[in-house]
Amino acid sequence: MTIVENYLSFVHRDRRMPLNVDLGPLHIHVYSRAVFLLWVTVAILALAGIVVLVARKRELIQKWRTWALIAPVVGLPVWLGHGTTAALAAALAVVAVTEYARLVRVRRLDTCVLVALAVLYPLAAWLRPSLLQLAPVAVLLCAAPSVLDGDVEHGAKRTAFAGFGSVWICWSLAHLVMVWPDAYLLCFAVAATDVAAWCGGKGLRRMAWARQPLSPLSPNKTVGGMVGAIIGAFVILSLLGTISIGLLVAVSIGGLFGDLLESMLKRQAQVKDAGCWLPGFGGLLDRIDSLLLVLPLAYLFG
């Protein structure tokens, strides 16, 4: 067999695995790809834990602990079904829009509109996905608080920030439901690609072309990091058996652009992080910024 044939055979291999647990009243008998993702997650966390212990760096230990917490918090709702995935998306969106509102300093009434949309969009994605096509109407309705306040001085700015947040956060996170049952797979791929981008930026920094920043917004986001992201996305999507050109572009390029998008907002607000409650990462928005663009692109291209 040729290299291409071996690769295609690997990609198309059946990744369903059994999980049989019988502990008293608890009986779990599953045969699915979700079990494969479970063991891959456990293996990577275990290996990363060993590396972190050897490195003995506080920041790395904090990040590892956070990852160990994030994995089940995201994985379990997705595994349980559409409804719990919608609940997860709504919870993430509510926290994210709260951080976003503080970042861009929108008023309380505008924040209330965003919080409402943070719940309504995932609910619509679960019960009636066609309603997501009304996103442009929701953007226009974000002008309602400014219009009712008669805010001539700041109304346009408030509307722009609220409308952008409604799409960037609320509408985008609703796609966790739209891409189900591959939601966890995508979250996993985006997280792994973020690490690959960091490794690419560090590993290739000796080369002049690799040190070139992708944007003045974030000097740490370099051409080398983009190369690392593309290679990492290719490897992880191949490992997970879900690779396609569209998905590769969505995860690698979409993730990088999503990160730069948040950097633009943080630069304007003159802050390092959108929050400080998530150890090793800052705020939730700092952790999911890549995912916010990847989800709708993956749904469109994948």
Side-chain angles (χ1 to χ4, degrees), residues 89 92-106 110-111 114 117-118 121 132 135-136 138-139 142 156-176 178-179 186-187 189-198 200-201 212-230 232-233 246-276 278 281-302:
L92 293 176
V94 168
V95 175
V97 296
T98 303
E99 293 181 350
Y100 170 77
R102 287 198 300 265
L103 199 63
V104 299
R105 298 183 179 91
V106 297
D110 301 273
T111 303
L114 287 176
L117 291 174
Y121 269 125
L132 293 188
V139 171
C142 287
K157 184 178 180 180
R158 287 172 58 186
T159 300
F161 276 134
F164 175 73
S166 74
V167 174
W168 183 46
I169 298 174
C170 310
W171 179 81
S172 292
L173 279 173
H175 285 76
L176 268 177
M178 302 298 288
V179 299
L186 275 173
C187 293
V190 169
T193 301
D194 282 346
V195 175
W198 181 83
Q212 295 296 317
L214 294 172
S215 168
L217 292 169
S218 181
N220 292 327
K221 301 295 183 294
T222 61
V223 174
M226 182 177 68
V227 171
I230 294 171
L247 205 54
L248 180 62
V249 171
V251 172
S252 58
I253 307 302
L256 281 172
F257 189 75
D259 203 339
L260 286 171
L261 194 55
E262 197 212 0
S263 294
M264 178 179 68
L265 296 174
K266 289 192 293 187
R267 280 295 183 95
Q268 178 180 312
Q270 297 181 343
V271 297
K272 183 178 182 294
D273 297 312
C276 59
L278 202 57
F281 293 103
L284 179 67
L285 204 52
D286 300 305
R287 182 58 268 159
I288 65 170
D289 53 1
S290 299
L291 190 65
L292 292 177
L293 195 59
V294 170
L295 284 173
L297 287 178
Y299 177 72
L300 178 65
F301 297 147

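FYI, side chains are in, hydrogens and waters are out, and symmetry mates aren't considered; it's all heavy atoms of this structure. Remember, predicted model here, so these are calculated numbers, not experimental data.
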Measure the [atom1]-[atom2] distance between [X] and [Y] for me, rounded to the nearest 0.5 Å.
X      : Y      : atom1 : atom2 : value
Leu217 : Gln268 : CG    : CD    : 11.0 Å
Lys157 : Asp110 : NZ    : CG    : 12.0 Å
Leu278 : Glu99  : CG    : CD    : 8.5 Å

Can Leu114 and Ile169 be said to form a side chain to side chain contact (heavy atoms under 4.5 Å, CB included), step by step?
-> CA-CA 9 Å; Leu114 287 176; Ile169 298 174; over 6 Å; no

Do you know which two heavy atoms are closest between [X] and [Y], and how far apart they sit?
X      : Y      : value
Ser166 : Gly163 : OG-O, 2.6 Å
Ser252 : Ala229 : CB-O, 3.8 Å
Ala135 : Tyr121 : CA-OH, 3.3 Å
Leu248 : Ala233 : CD1-CB, 3.7 Å
Phe281 : Asp273 : O-OD1, 3.9 Å
Cys142 : Leu117 : SG-CD1, 4.1 Å

Side-chain touch Arg102/Thr98, heavy atoms, less than 4.5 angstrom =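 In short, these two side chains touch, coming nearer than 4.5 Å.
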
Would you call Phe164 and Leu261 a side-chain contact if the rule is heavy atoms closer than 4.5 Å?
-> yes

Under 30°, 30 to 60°, or over 60°: which ring-plane class applies to Trp171 and His175, parallel, tilted or perpendicular?
-> perpendicular

Between Trp168 and Tyr100, how do the two ring planes meet: parallel, tilted or perpendicular, split at 30° and 60°?
->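 It falls in the perpendicular class, over 60°.
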
Hey, is the main chain of Thr222 close enough, under 3.5 Å, to the side chain of Gln212 for a donor-acceptor pair?
-> no

Between the side chain of Ser215 and the main-chain N/O of Ser218, is any donor-acceptor distance below 3.5 Å?
->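 No, the answer is negative, given that no donor and acceptor are paired below the 3.5 Å cut-off.
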
Val167 and Val139: side chain to side chain contact (heavy atoms under 4.5 Å, CB included), yes or no, with the steps?
-> CA-CA 8 Å; Val167 174; Val139 171; 3.5 Å; yes

Ser172: partners by side-chain hydrogen bond (donor to acceptor under 3.5 Å, both in side chains), with sequence neighbours left out =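 Ser172 satisfies side-chain hydrogen bond (donor to acceptor under 3.5 Å, both in side chains) with no residue once adjacent residues are dropped.
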
Taking it one step at a time, do Met226 and Ile253 satisfy side chain to side chain contact (heavy atoms under 4.5 Å, CB included)?
-> CA-CA 7 Å; Met226 182 177 68; Ile253 307 302; 4.2 Å; yes

Please tabulate, one pair per line, all N/O donor-acceptor pairs under 3.5 Å involving side-chain atoms of residues 285-302, not counting sequence neighbours.
from, atom 1, to, atom 2, distance (Å)
Asp286, OD1, Lys266, NZ, 3.1
Asp286, OD1, Ala274, N, 3.2
Asp286, OD2, Ala274, N, 2.8
Asp286, OD2, Gly283, N, 2.8
Arg287, NH2, Asp194, OD2, 2.8
Ser290, OG, Asp194, OD1, 3.3
Ser290, OG, Gly255, O, 3.1

Kindly determine whether Leu176 and Leu92 satisfy side chain to side chain contact (heavy atoms under 4.5 Å, CB included), including the steps that lead there.
-> CA-CA 11 Å; Leu176 268 177; Leu92 293 176; 4.1 Å; yes

